[in-house]
Amino acid sequence: MKSISTKPNSTKANKTGSWRTYKPEFNHEKCISCGLCSKICPEGCILMEKIKNFDKEKPMVDYDYCKGCGLCASECPVKAINMEKDF
Ligand code: SF4
Ligand code: SF4
């Protein structure tokens, strides 16, 4: 019987970014570097990284794997993430 589910541990092989219709845009000025978005992203595609012009680490997304679920945006305590249409 055919299955529509994918094998466990196959995220790397399945670029879930192709599922996306909205993508998260991060406001690094507003972000307080709490790291919550990185911890809760179901695809594990947000990494906290040191970037230019900021003392603290900021979230960076691997859009190959972001499926556009919006969880990061809904949970960010300071609303530093906006979901925008991804054409
Ligand atoms: S949840 Fe919001 S404030 Fe926290 S690191 Fe992510 S973007 Fe920044
Ligand atoms: S929209 Fe969903 S998959 Fe994309 S970075 Fe946010 S939590 Fe992760």
Side-chain angles (χ1 to χ4, degrees):
M1 188 170 73
K2 283 192 175 176
S3 168
I4 57 165
S5 62
T6 56
K7 291 178 195 155
N9 211 15
S10 60
T11 301
K12 281 272 179 208
N14 295 295
K15 292 203 168 181
T16 43
S18 62
W19 302 357
R20 191 176 63 232
T21 50
Y22 284 84
K23 72 173 184 179
E25 295 287 348
F26 290 75
N27 181 334
H28 285 151
E29 303 284 346
K30 209 169 170 184
C31 167
I32 56 171
S33 301
C34 69
L36 183 62
C37 54
S38 174
K39 290 187 188 108
I40 62 166
C41 172
E43 295 300 323
C45 64
I46 306 177
L47 290 180
M48 299 299 290
E49 289 179 9
K50 188 84 187 65
I51 60 172
K52 205 173 162 191
N53 300 331
F54 292 97
D55 293 337
K56 293 182 177 171
E57 292 183 330
K58 298 290 176 180
M60 301 297 286
V61 179
D62 184 341
Y63 286 109
D64 279 349
Y65 297 99
C66 167
K67 62 187 176 188
C69 67
L71 192 60
C72 54
S74 66
E75 296 303 316
C76 174
V78 293
K79 300 294 172 214
I81 309 170
N82 283 320
M83 296 304 291
E84 295 183 2
K85 193 98 176 150
D86 186 24
F87 295 106

Peer 1: To the nearest 0.5 Å, tell me how far Lys79 NZ sits from Cys31 SG.
Peer 2: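 Between Lys79 NZ and Cys31 SG, I get 13.5 Å after rounding to 0.5 Å.
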
Peer 1: Checking side-chain contact (heavy atoms from CB on, under 4.5 Å) between Ile46 and each of Cys66, Pro24, Pro59, which is the one that passes?
Peer 2: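 With Ile46 as partner, side-chain contact (heavy atoms from CB on, under 4.5 Å) holds for just one option, Pro59.
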
Peer 1: Could you tell me which non-hydrogen atom of Met48 sits nearest to which non-hydrogen atom of Ser38, and how far apart they are?
Peer 2: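 Of all heavy-atom pairs spanning Met48 and Ser38, the closest is CG-CB, 3.9 Å.
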
Peer 1: If you take all heavy atoms of Ile40 and Cys72, which pair is closest and at what distance?
Peer 2: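 In this case the closest contact between Ile40 and Cys72 is CD1-CA, 4.3 Å.
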
Peer 1: Below 4.5 Å, heavy atoms only, C-beta onward: do Lys67 and Pro42 meet side chain to side chain?
Peer 2: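 In short, these two side chains touch, coming nearer than 4.5 Å.
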
Peer 1: How close do Arg20 and Tyr63 get, heavy atom to heavy atom, and via which atoms?
Peer 2: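 So the minimum-distance heavy-atom pair works out to NH1-O, 2.7 Å.
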
Peer 1: For Lys50, check side chain to side chain contact (heavy atoms under 4.5 Å, CB included) against everything at least two apart and list the hits.
Peer 2: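 For Lys50, no residue satisfies side chain to side chain contact (heavy atoms under 4.5 Å, CB included) once neighbours in sequence are set aside.
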
Peer 1: Can you tell me how far the CD1 atom of Ile81 sits from the CZ atom of Phe26, to the nearest 0.5 Å?
Peer 2: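 The distance works out to 4.0 Å.
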
Peer 1: Looking at every heavy atom in both Ser33 and Glu57, which two are closest together, and how far apart are they?
Peer 2: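 Distance-wise, the nearest heavy atoms are OG-O, 2.7 Å.
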
Peer 1: Supply the atom-to-atom distance Ile51 CD1 to Lys56 NZ, rounded to the nearest 0.5 angstrom.
Peer 2: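 Going from the CD1 atom of Ile51 to the NZ atom of Lys56 covers 13.5 Å.
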
Peer 1: Could you give the distance from CD (Glu84) to OH (Tyr22), rounded to the nearest 0.5 Å?
Peer 2: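 The OH atom of Tyr22 is 10.5 Å from CD of Glu84, to the nearest 0.5 Å.
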
Peer 1: Given side chains that start at C-beta, do those of His28 and Met60 come closer than 4.5 Å, heavy atoms only?
Peer 2: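 His28 reaches Met60 side chain to side chain.
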
Peer 1: Looking only at heavy atoms, what is the nearest atom pair of Lys30 and Val78, with distance?
Peer 2: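 So the two residues come closest at CE-O, 3.2 Å.
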
Peer 1: Does the side chain of Cys76 reach to within under 4.5 Å of the side chain of Cys37, using non-hydrogen atoms?
Peer 2: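 Sidechains of Cys37 and Cys76: no contact.
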
Peer 1: Applying salt bridge (Lys or Arg N to Asp or Glu O under 4.0 Å), can you list everything that pairs with Glu25, at least two apart in sequence or on another chain?
Peer 2: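 Partners of Glu25 under the salt bridge (Lys or Arg N to Asp or Glu O under 4.0 Å) test: Lys23.
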
